[in-house]
Asks: 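This structure is in C-alpha cells; I'll ask about it shortly.
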Protein chains: 2
Amino acid sequence: MSRAAGETGVQSALSTLRILEEVARRQPVGVSELARVADMPKSSVQRYLATLQQAGWLRVVDIERVRWGLTAKPIGIGLRAAGEGGMREAALPAMRALSRQTDETVHLAMRDDNALVIVARRDGTQTVRTYVELGTIAPLHGTASGLSILAKLPDAEVEAVIAAGLDGHTGTTIVDADALRAEVAATRERGYAVNAASWWRPHVAAIGAAITDAAGRPVAAFALSIPTVRFDVADAGRLGALTVAAADQVSDLLD
Amino acid sequence: MSRAAGETGVQSALSTLRILEEVARRQPVGVSELARVADMPKSSVQRYLATLQQAGWLRVVDIERVRWGLTAKPIGIGLRAAGEGGMREAALPAMRALSRQTDETVHLAMRDDNALVIVARRDGTQTVRTYVELGTIAPLHGTASGLSILAKLPDAEVEAVIAAGLDGHTGTTIVDADALRAEVAATRERGYAVNAASWWRPHVAAIGAAITDAAGRPVAAFALSIPTVRFDVADAGRLGALTVAAADQVSDLLD
DNA sequence: ATACGTCGTTCCAACAGCCGGAACGACAGG
DNA sequence: CCTGTCGTTCCGGCTGTTGGAACGACGTAT
C-alpha cells in the first residue's frame with residue numbers, strides 16, 4: 001500500500017474510530033447510512049460496529065430497526081479528558097449569572113492545543129438564539145473565545161498558532177498573520193475580544209474573555225454569543241466588562 | 001486463530017481501543033508502562049499510540065519524557081453520550097443543595113443498560129470522605145443508586161438484570177436473586193434505597209433516590225455516599241427524604 | 001400481484017497489512 | 001563502567017482483515 005508521509009497508523013483501527021465518531025454524531029444510526037457517509041463497504045462497517053460493541057463503546061439502541069448508539073463508556077473517557085470536569089463545574093455558576101445579566105447565550109470553551117472545544121452552554125431567554133452543538137471544535141484564531149486566549153499567551157505561542165496556518169471559515173475570518181497580530185494587540189488592550197464580523201459562524205457575533213489557571217495561563221474562555229442582528233457595537237464595552245468579570249471570577253476559583 | 005464464540009471483532013482495533021482506555025485512566029503515561037499494564041509488545045503499543053494520535057484522540061503532552069494524554073476529542077464524544085450533558089446541568093443545583101443540607105458527598109449516576117456511570121460529584125465538608133472517580137462504572141444491583149432505579153423499573157426488567165447475572169464485589173453484595181427481589185420490594189416501599197452494608201465499595205454506605213424522565217422511566221439517580229463509620233441507620237429516614245426530594249426536583253425539570 | 005429498492009446480515013478466498021522480536025542510542029543509577 | 005529502562009525503528013513471516021457477492025425480510029410503487 002502506498003502511504004503518504006507520516007501516515008503510519010493501523011488502518012483498521014483508524015476506520016473503526018472513524019465509525020465511532022460518525023455514530024456519536026448521528027446516533028441513532030444504521031449500518032447502511034454509516035457505510036454511505038463514511039464511504040466504506042457495508043460489510044466492513046458492520047464488522048467495525050461489532051468490534052465497538054465488543055469493546056463496550058456502542059450498543060444497539062433500537063433492536064427492531066437496528067440503530068446504533070453510544071454507551072456510557074465515552075462519558076468516562078470524556079470526563080477524564082476534561083480533567084474530571086472540574087472546570088465545567090467551577091464555571092457553571094458564573095455562566096448562569098452572566099447569561100442572566102445579559103440575557104444572551106454564554107459558551108464555555110476549553111483550549112485544546114491549537115483548538116477550542118465548546119464544553120458548556122447557558123442560554124438566555126431571547127427567541128432568536130445562536131446554536132452550537134456541545135463538543136464542537138472551533139479554531140483559536142477565528143473565535144472571540146480563541147482570541148481572548150491568544151491575547152493572554154506569550155508572543156512565541158501566538159506565532160506558533162500563526163505558523164500552524166490560519167484557515168478561513170466565513171470570508172471574514174482573519175487569515176492574514178499581521179491582521180491577527182493586530183487583533184491580538186487590540187484584545188490585550190481591551191481585556192476582552194470582540195468578534196463583530198462573523199469570523200467563524202455566519203450571523204454570529206461574540207465577546208470573549210479568557211479564564212486563567214493558577215499559573216496565569218489561559219486554559220478556557222467565556223464567550224457571549226450574540227446574533228449579529230441584535231449585536232450593537234456601542235454595547236460592547238458594557239458586555240465586555242461583564243464577561244471579563246465572570247471569567248475572572250472563575251480564574252480566582254482555580255487557585 | 002481460535003476464537004471463542006461471539007468474538008468477531010477486529011483484533012487490532014480492540015487493542016487500540018484498549019490502549020485508549022488505559023491512557024485515559026493513567027495519563028500522562030509512557031509507552032513502556034502501557035505495554036506492561038496492557039500486556040502487549042512495546043512496539044505494538046507504540047503503533048497504536050501513533051494511530052490514536054493520527055485519529056486525533058491522543059497527543060504527546062510532555063515532549064521531553066514522551067508522556068501521552070487525551071486530546072479534547074473525547075470530550076465531544078462523551079458529551080454526546082451524555083445527551084449533551086443536559087442531565088448533569090439540570091441536576092447540579094439540586095446536588096449542591098443536597099450536599100449542603102447533609103454535609104455528605106452526593107453522586108449523580110446515569111443508567112447505562114445494566115450499569116451505572118458516575119457522572120458528577122459534590123463533596124461535603126467533612127474530613128473523611130468517600131471517593132469514586134468520575135466515569136466509574138458501577139453495577140445496578142450493587143449500589144443504592146442502582147437499587148433505587150431498579151425499584152422504579154417494571155418487574156420484567158428487574159428479572160432481566162437478574163438474568164444477566166449478579167456478580168459480587170465485597171462479600172456483602174446481593175448476589176441471590178430472591179434477596180435482590182426482596183430488596184427491590186423494600187426500596188419500593190421506602191421510596192429510596194439504603195446500602196448500609198458496603199455492597200460495592202468497602203466502608204461505604206449510601207442512600208439512593210431515582211430521577212425519572214418525562215415518561216416516568218428512571219434514567220439516573222442521586223446517591224448520598226457516606227463512610228460506614230459515620231453512617232447511622234437511625235438517620236436514614238431523614239436523609240432518605242432529603243435525597244428523594246432532590247431527585248424529584250430534578251425529575252420535574254425533565255418535563 | 002409483481003417488481004423493485006433498501007435494509008441488516010453472512011460467508012470466504014486472496015492478499016495486504018499487521019505483528020512483535022530484535023537491536024538501537026540515550027539516559028540515570030549504582 | 002556496567003546495568004536497567006526508556007522511547008524508537010526496522011522488517012520478514014504469516015494472519016487477520018478485506019469487501020464483493022448473495023441472502024431473506026421488509027416496504028413501496030407499479
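What you see below is based on every heavy atom in this structure, not just the backbone, and it leaves out hydrogens, waters and symmetry mates. Each chain gets a letter, A, B and so on, in the order the sequences are listed, and its residues count up from 1.
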Asks: For nucleotides 24-30 of chain C, just jot down a letter per nucleotide in 5' to 3' order: B, S or -, based on protein non-hydrogen atoms under 4.0 Å.
Replies: -------
Asks: For B/T143 and B/A138, which heavy atoms make the closest approach, and how far apart are they?
Replies: CG2-CB, 3.9 Å
Asks: Where do A/T170 and A/W200 come nearest, in terms of heavy atoms and distance?
Replies: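 Scanning both residues completely, I find the closest heavy atoms to be CG2-O, 2.9 Å.
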Asks: For the residue pair A/H169 and A/H141, does the interplanar ring angle fall in the parallel (under 30°), tilted (30 to 60°) or perpendicular (over 60°) class?
Replies: tilted
Asks: For A/A13 and A/S43, take the nucleotide of DNA chain C holding the closest heavy atom to each; which residue's nucleotide lies nearer the 5' end?
Replies: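 Looking at DNA chain C, the more 5' nearest nucleotide goes with A/S43.
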Asks: Between D/dT17 atom C1' and A/Q46 atom CD, what is the distance in whole Å?
Replies: 15 Å
Asks: Tell me which residues in residues 23-33 of chain B put a heavy atom below 4.0 Å from DNA chain D, sorted by number, or none.
Replies: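 The stretch gives B/G30, B/V31, B/S32 as the residues lying under 4.0 Å from the strand, ordered by number.
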Asks: Counting only side-chain heavy atoms from C-beta out, which of C/dC7, C/dC19, D/dT9 sits nearest to A/K42?
Replies: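 Of C/dC7, C/dC19, D/dT9, C/dC7 is nearest to the side chain of A/K42.
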Asks: Quick one: label A/S12 by what it contacts on the DNA or RNA (base, sugar-phosphate, nothing), any heavy atom closer than 4.0 Å.
Replies: sugar-phosphate
Asks: Can you tell me how far C1' of C/dC18 sits from CD of A/Q11, to the nearest Å?
Replies: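 Whole-Å distance recorded here is 10 Å.
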Asks: Would you mind reading off the distance between A/R65 atom CZ and D/dC26 atom C1', rounded to a whole angstrom?
Replies: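 The answer, rounded to whole Å, is 12 Å.
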Asks: Identify the heavy atoms of A/P139 and A/L116 that sit nearest to each other, and give their distance.
Replies: O-CD1, 4.2 Å
Asks: Would a 4.5 Å heavy-atom cut-off, applied to side chains only, mark B/M110 and B/D112 as touching?
Replies: no
Asks: Would you please confirm or rule out a distance under 4.0 Å between OP1 or OP2 of D/dT17 and any side-chain N or O of A/Y48?
Replies: no
Asks: Using atom CG of A/L49 as one end and atom P of D/dT18 as the other, report the distance to the nearest whole Å.
Replies: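 Going from CG in A/L49 over to P in D/dT18 covers 13 Å.
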Asks: Identify which nucleotide among D/dC6, C/dT9, C/dC18 has an atom closest to any side-chain atom of A/V10, counting heavy atoms from C-beta outward.
Replies: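 Closest of the options to the side chain of A/V10: C/dC18.
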Asks: Starting at atom CD of B/E64, determine the distance to atom P of D/dT8, rounded to an integer number of angstrom.
Replies: 13 Å
Asks: Rounded to the nearest angstrom, tell me the gap between atom CZ in B/R47 and atom C1' in D/dC10.
Replies: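 Going from B/R47 (CZ) to D/dC10 (C1'), I get 11 Å.
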Asks: Rounding to 10°, can you tell me the angle the first-five-pair axis of the helix from C/dA1-D/dT30 to C/dG30-D/dC1 makes with its last-five-pair axis?
Replies: 30°
Asks: If you measure from CH2 on A/W57 to CG on A/L49, what distance do you get to the nearest 0.5 Å?
Replies: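 If we round to the nearest 0.5 Å, A/W57:CH2 and A/L49:CG are 14.5 Å apart.
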Asks: Is there a donor-acceptor pair closer than 3.5 Å between any side-chain N or O of B/D62 and the backbone N or O of B/E64?
Replies: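 Flag set: sc B/D62 to bb B/E64 pair under 3.5 Å.
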Asks: Ignoring hydrogens, what is the shortest heavy-atom contact between B/G69 and B/V23? Give both atom names and the distance.
Replies: CA-CG1, 4.0 Å
Asks: Any sub-3.5 Å donor-acceptor pair from B/T51's side-chain atoms to A/V10's backbone N or O?
Replies: yes
Asks: Output the rounded distance in Å from CG (A/L34) to C1' (C/dT9).
Replies: 15 Å
Asks: Do B/I162 and B/R181 come within less than 4.5 Å of each other through their side chains, counting heavy atoms only?
Replies: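 Yes, at least one pair of side-chain atoms sits under 4.5 Å.
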Asks: Could you give the CZ-to-P distance, from A/R36 to C/dG5, as a whole number of Å?
Replies: 15 Å
Asks: Output yes when a side-chain donor or acceptor of B/T173 lies under 3.5 Å from a complementary backbone atom of B/V175, and no otherwise.
Replies: no
Asks: Which pair of non-hydrogen atoms, one from A/A109 and one from A/I118, has the smallest distance, and what is that distance?
Replies: CB-CD1, 4.1 Å
Asks: Counting side-chain heavy atoms from C-beta on, which of C/dG8, C/dT10, C/dG20 comes nearest to B/P41?
Replies: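 Comparing C/dG8, C/dT10, C/dG20 against the side chain of B/P41, the answer is C/dG20.
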